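Contents: one structure, followed by commentary.
Heads up: numbering here begins at 1 and tracks the sequence. Note that the structure is a prediction, hence the values are computed from the model and not measured.
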Amino acid sequence: MEIRSLMEVPTAKGNTLEGYAARFNSPSRVLAERGRIFRESIRPGAFRSVLAAAEPVFALWNHGTDGRPPLGKTPTTLRVWEDEHGLRFKIELPTSAADILEAVQRGDVAGMSFGVGGEKDQWS
């Protein structure tokens, strides 16, 4: 599993968060892994097979490392889809996530990230 960040803060509306977890055709910041220094760019369609699969997608706070339950899960409380700009999401937050909603509204959250297992890499 690899984690990638997007320095774009979600929008808080009522009890929902929405925004982009990934943007297409936008070079990442400089990354360093496995002895290589590089930038990544995500192509449209990169998430298509995951979104079409029957397996649920989870929205987690802090990558699930803090012991919180998921913030949302497809298809009930989390919607995730690709549009022309990237991987878009909308989460209906549980009432137990009021502090997260407040942190987003106050501007304390710096961005979003997503975890993915790559099926195909192309280096150039």
Exercise. Counting N and O atoms only, with roles assigned by atom type, does the side chain of D83 sit under 3.5 Å from a partner on the main chain of G86, one being a donor and the other an acceptor?
Worked result: yes

Exercise. Distance from L78 atom CG to L60 atom CG, nearest 0.5 Å?
Worked result: 9.5 Å

Exercise. Just how far is it from atom CD1 of I91 to atom CH2 of W61, taken to the nearest 0.5 Å?
Worked result: 10.0 Å

For this session: Please check if the side chain of D66 supplies one atom and the backbone of R68 the other of a donor-acceptor pair under 3.5 Å.
Result: yes

Seminar exercise, completed: CG (L101) and CZ (R106) are apart, to the nearest 0.5 Å, by 11.5 Å

For this session: Using atom types as modelled and distance alone, determine if a side-chain donor or acceptor of N15 lies under 3.5 Å from a backbone N or O of E92.
Result: no

Seminar exercise, completed: So CD of Q105 and CG of L17: to nearest 0.5 Å the spacing works out to 8.5 Å

For this session: Under the side chain to side chain contact (heavy atoms under 4.5 Å, CB included) rule, what do L31 and I37 come out as? Steps first, then yes or no, please.
Result: CA-CA 6 Å; L31 301 169; I37 296 174; over 6 Å; no

Exercise. Can any side-chain N or O of T76 pair as donor or acceptor with the backbone N or O of K73 at less than 3.5 Å?
Worked result: yes

Exercise. Do L71 and F58 pass the side chain to side chain contact (heavy atoms under 4.5 Å, CB included) test, and can you show the C-alpha distance, the side-chain angles, and the key distance before you say yes or no?
Worked result: CA-CA 7 Å; L71 299 178; F58 293 90; over 6 Å; no

Exercise. Quick one: are F89 and M112 in side-chain contact, heavy atoms under 4.5 Å?
Worked result: yes

Problem set entry | F38 six-ring centre to R36 NZ/CZ under 6.0 Å and within 45° of normal | no

For this session: For E82 and F47, indicate whether the former's side chain and the latter's backbone hold a donor-acceptor pair under 3.5 Å.
Result: yes

Problem set entry | Under 3.5 Å donor-acceptor, S28 side chain and E40 backbone | yes

Exercise. Is the shortest distance from a Lys or Arg side-chain nitrogen in E18 or R88 to a carboxylate oxygen in the other one below 4.0 Å?
Worked result: yes

Exercise. Hey, are the side chains of W81 and L87 touching, using non-hydrogen atoms and a 4.5 Å cut-off?
Worked result: no

Exercise. Does a side-chain heavy-atom distance below 4.5 Å link L93 with T16?
Worked result: no

Exercise. Could you state the interatomic distance from OG (S26) to NE2 (H85), rounded to the nearest 0.5 Å?
Worked result: 12.5 Å

